[in-house]
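Scroll down for the structure; my scribbles are underneath it.
This one's a predicted model, so the numbers in the text were calculated from it and none came from an experiment.
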Amino acid sequence: MSKTRSSRSHSTWPAHARNAVTVLVSAVLLAGCGDSPEAMLESAKGYIAKDDLNAAVIQLKNALQEDGSLAEGRYLLGKINLEQGDMLGAVKEFERALQYGYANEKVTPLLARALLGSAEVDRVLKEFGATTLNDNKAQAELLGVLGDAHLAKADVQKARKAFESALELNPEDDLARVGLGRAKLFSGDAAGALAEAESVIARRADLAEAQVLLADVMMVQGNQEAAVAALKAAVKAKPDSVSHNFALVSLMLRQNDFEGAAIQLEAMKKIAPKHPSTRYVQAFLDFRNGRLPEARDEILEVVKNAPEFLPARLLAGSVLVRMNEHTQARPHLSMVVARAPRQTLARRLLAASHLATGEASRALEIIQPLLASPGQDAALAGLVGQIYLAMGDYERAEVFLARSAQGAPDDARARTRLGVARLAGGDVARAYADLEAASALDESSGQADLALILAHMRRGEFDRALDAQKVLEQKQPNSAQTYNLKGGILLAKRDVAGARLAFDKALELQPGFLAAAINLGRLDLAEKKPEVAKARFERIIKATPENVEAWLAYADLQSATGSDPKEVLTSLERAAAAGPGLLPPQLALIQHFLRVREPAKAMTIALQASTAHASDPRAIEALARAQMAAGETLQAIASLNKLSSFAPRSPGPLVLLSDAQRQGKDDSAAEQSLLKALALKPDLLEAQQRLFAIQASRGDRDAALQTAKTVQKQQPTVAAGYVLEGDVLVSSGRWAEAAAAYRKAMDRGKSGELVNKLHSALMRSSRKAEADKVMSDWLSSEPNDLVARGYMAERALGEKRYGDALQLFRAMNELSPGNALILNNLAWTAAAAKDGQALTYAEQALSAAPDNPVVLDTIGMIQVDAGQIEKGVANLERAVSLAPDIATLRLNLAKTYARLDRKADAKKMLQALLPKLEAGSPIQAEAAELLKTL
């Protein structure tokens, strides 16, 4: 038999004739099972000499069934397994051959190669690194295997030394010379690698490994035609090698030789129809030919059977992004980016996916590493321009989009994006020229028309936007997005009926089109028809129960319409079940548990998510938030430091880190984190606001005022800087100046909270009439504002104007019926005003929030006053059990015990409470006074 890694001749008989002969031989062999094991072994050797390995295997297995200790039989069966690619079978037989005493020099090199073929690289180096065989050829072969193992570990120096030592022992070891050539190529010596390949091919043109090395050298030198020729020679030498066939078809695909690739694929199907490489090529060709469902099904099967095969992960991500299945695409793309950070296509697709779902900042973080590399192409520049455009940074957007247009002057999409950026930046004339030019280029895709529509909408030109939409409708009459956009234009024109028809048409064309369903849901909610909105999503879910994004959108709708948290949880759990292991459902579950104040459950899911998605910043951020909610401050800080390392140029993680540090009462560290964030983005408002809070809390009013002035200078049209200035002046008691600052803020952006601040400053400045007018004007213009009404109600309570407060809370309850906190305040106020509806309001609040300790405290106090002693005390005690750290709840329970002459219980409660209260505080004084009376 020839050497294990050399080529062998193949029969030229037709396949059906070979199969018939094999069946005949098998029958003869089975009929001769009465022969001795030794005779069957000799028969197998004869078949090996004739290159009939299938017949040899049958004879060897028959012999070993009779005598399992036949060492030579084990050795020969191991060699055939190795030749046929059954590495695990080869390892098993070689190990048994050694066990039964077969020659070490013959078995060891082949066992090492079989282990290497099984990806047992570390075992090869550990078990054979110091092995010395007496036969020079055997030792040279073993050293060649060790060289391959070192190359697999990217240790080129050790690999080269091993190959050179092998060639010193046996200069004719062609595989060692090929290995040396690979080591040279790996270290950048393409000329040296070429010399090694050519020297082997000159002696043995049929050595497939030498031809593969030659192909690799040709690829490095940019000679793709020569690389194809070399790979064809390798396939000819080893027609049954899936890896050589795959290398050839992959290169054909890169050369856009799809016809040749399809032919080669058929050859692969005959060799290994279910091999991951074969199915990968089929998926790629399906993808290229627009057969997306077929490509998706095929490539997901590849990923299932070969989860570490990164090209399959990349193709899976590409297919799913094209199908707008972003939730399913991202785990595949994230894995590629984590394992191969320099894989530019994976980064682009992952960034584009986040951009498509409105996460522009995350998209920028992902694409950032590519911006540092020279030679950015037009496609990358266009993507970056779109990201900046979505972030509202029109200046940078135009720079990148102009670069994209220059790189691809006839690319309609590039011209379109540039036009949108110029329009957003105010250059109207040039923008419309670019968009019109793009529309002339782009006859079918509608990109230019879409940009024109958006441009008109941004300028409030809704009739012109509708005219442009009609052009798009002619080009894409069957696109759900076309009608969804039409609905948006009609909504802007306040044509609600027309918008609803357009959204319905989008859903008719694509029943699972969530964007249209969400838009219709918003119309339903505005018309007080939440059940209609829910029913629509339920139909989508019924039709596509595995639609993760539909379940998540349904859960959002349930939450927005005040559904029972248990129902929301059920929907989120269905989303997680529909997409096992996907991060978005896990993130939604974490957010849900944080919202309902169950941080322990949030932590459990966050830990699972961060383990499964260790390289995804969203998982680490969710873990940090859960840790903060659970009071695990040190662990949260560690998680956020890790998050910062993922995106060192992003200020967001540093802002979160400052929150955790403040929670841990380390304001100094928090301030440093914020300063680092501001060094990355000097006008980051959320960082400036937090920095201001730290400066104000330590009494450094000058620094706080300077921060406020910086915000004003950087963002002169935004209210925030003037609000901060007003807050500093309030802390100094400079009420009139604070009111002036708040006035300036009001000129830049009104809100209920800002109206409250201005009203308070004016009142403290003894300008009541002016304050009343500010509030009256605001409530007239914003009759549904709850923030300002709540503020006025609290002021009335503070001044013991219970009738006024009751009127305000009743108005708020009408605006937001079923709101537990409003009902609770209404109940408390009604009780203070001696209104007979107090208990009714309290019962309604408890029905809306049965586990809210504040609500339980309110109804308990009212029940005791109403003579429902047992119920009232039970609710007060339950309130304390749910929130033992809220001092007012404990004091109310103590006061009730004292009132009911349960002095021992009251005394015990107060004695436990007092040490926890701040000395000199009003509540401490009240508790101490009550204790004296017991």
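- Shown here is R649, whose CZ atom has no more than 12 heavy atoms of other residues, nucleotides or ligands within 6.0 Å.
- Of the listed residues (L345, V321, V336, I366), just one forms a side-chain contact (heavy atoms from CB on, under 4.5 Å) with L350, and that residue is I366.
- The closest side-chain heavy-atom distance from L654 to S644 is below 4.5 Å.
- In this structure, L557 and L525 have side chains that are in contact, with non-hydrogen atoms separated by less than 4.5 Å.
- Closest heavy-atom contact between P585 and L552: CA-CD2, 4.1 Å.
- Taking CE from M746 and NZ from K757, the interatomic distance works out to 13.0 Å, rounded to the nearest 0.5 Å.
- Applying the ring-ring contact (aromatic ring centres under 6.0 Å, His included) test to H613 and every residue at least two apart in sequence or in another chain returns nothing.
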* Checking side chain to side chain contact (heavy atoms under 4.5 Å, CB included) for the pair H592/V596: CA distance, chi angles, key distance, verdict? -> CA-CA 6 Å; H592 170 78; V596 298; 4.0 Å; yes
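- When atom types are taken as modelled, the side chain of R348 and the backbone of I367 share no donor-acceptor pair closer than 3.5 angstrom.
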* Take D702 and L705, measure what side chain to side chain contact (heavy atoms under 4.5 Å, CB included) needs, and give me the verdict at the end. => CA-CA 5 Å; D702 290 340; L705 188 58; 5.7 Å; no
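- The shortest heavy-atom contact between I620 and A614 is CD1-O, 3.9 Å.
- With hydrogens and angles ignored, the 3.5 Å screen pairs no side-chain donor or acceptor of E770 with any backbone N or O of L762.
- Atom CG of L684 is separated from atom CD of Q689 by 9.0 Å, given to the nearest 0.5 angstrom.
- One distance of note links NE2 of H326 with CG of L333; it measures 10.5 Å at 0.5 Å rounding.
- Separating the CD atom in E598 from the CD1 atom in I605 is a distance of 10.0 Å, to the nearest 0.5 Å.
- Annotation: side chain of L643 is in contact with side chain of P617 (closest heavy-atom distance under 4.5 Å).
- Of all the heavy atoms in Q661 and S673, the pair that sits closest is OE1-OG, 2.8 Å.
- The two residues V723 and Y742 have their closest heavy-atom pair at O-CE2, 3.6 Å.
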* After noting the C-alpha distance and the side-chain angles of K750 and S781, does the key distance pass the side chain to side chain contact (heavy atoms under 4.5 Å, CB included) rule? -> CA-CA 11 Å; K750 296 180 175 65; S781 64; over 6 Å; no
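- Side-chain N or O atoms of R748 include one that pairs as donor or acceptor with a backbone N or O of P716 at under 3.5 Å.
- Between the side chain of R795 and the main chain of Y791, no donor-acceptor pair closer than 3.5 Å is present.
- Here L786 contributes atom CG and I822 contributes atom CD1; the two are 5.0 Å apart, rounded to the nearest 0.5 Å.
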* To do: Start with the C-alpha distance between D785 and R789, add both sets of side-chain angles, then the distance that settles salt bridge (Lys or Arg N to Asp or Glu O under 4.0 Å), and finish with yes or no.
  => CA-CA 7 Å; D785 182 271; R789 291 184 187 276; over 6 Å; no
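- For K665 and D667, the salt-bridge test fails: no basic side-chain N is under 4.0 Å from an acidic carboxylate O.
- Proximity of a side-chain donor or acceptor of R618 to a complementary backbone N or O of L587 within less than 3.5 Å is not detected.
- Within a 6.0 Å radius of CZ in R698, other residues, nucleotides and ligands contribute more than 12 heavy atoms.
- Here the side chain of S318 pairs a donor or acceptor atom with the backbone of L314 at under 3.5 angstrom.
- Contact record, A704 with Q695: CA-OE1, 3.3 Å, taken as the closest heavy-atom pair.
- Side chain of E725 to main chain of A708: no donor-acceptor pair is present (N/O by atom type, distance under 3.5 Å, no hydrogens or angles).
- If you take CZ on R734 and CG on L729, they are separated by 5.0 Å, rounding to the nearest 0.5 Å.
- The existence of a salt bridge linking D747 and R743 is excluded, since no basic side-chain nitrogen approaches an acidic carboxylate oxygen closer than 4.0 Å.
- With contacts defined as side-chain heavy-atom distances shorter than 4.5 Å, the pair Q608/T611 does not qualify.
- Side-chain contact check for Q714 and Q688: at least one donor-acceptor pair (N or O, by modelled atom type) lies under 3.5 Å.
- Checking side-chain atoms of E753 against main-chain N and O of V787 turns up no donor-acceptor pair under 3.5 Å.
- When all heavy atoms of E671 and I694 are compared, the pair lying nearest together is N-CD1, 3.9 Å.
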* Carefully, step by step, assess K676 and L657 under the rule side chain to side chain contact (heavy atoms under 4.5 Å, CB included). => CA-CA 11 Å; K676 290 178 183 177; L657 178 59; over 6 Å; no
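- A 6.0 Å sphere centred on CD of Q591 holds no more than 12 heavy atoms belonging to other residues, nucleotides or ligands.
- No donor-acceptor pair closer than 3.5 Å links the side chain of S353 to the backbone N or O of L349.
- Between E621 and L656 there is a side-chain heavy-atom pair separated by less than 4.5 Å.
- The backbone N or O of A606 lies less than 3.5 Å from a partner atom in the side chain of S610, making a donor-acceptor pair.
- Partners of S639 according to the side-chain hydrogen bond (donor to acceptor under 3.5 Å, both in side chains) rule, which considers only residues two or more places apart in sequence or in another chain, are Q627.
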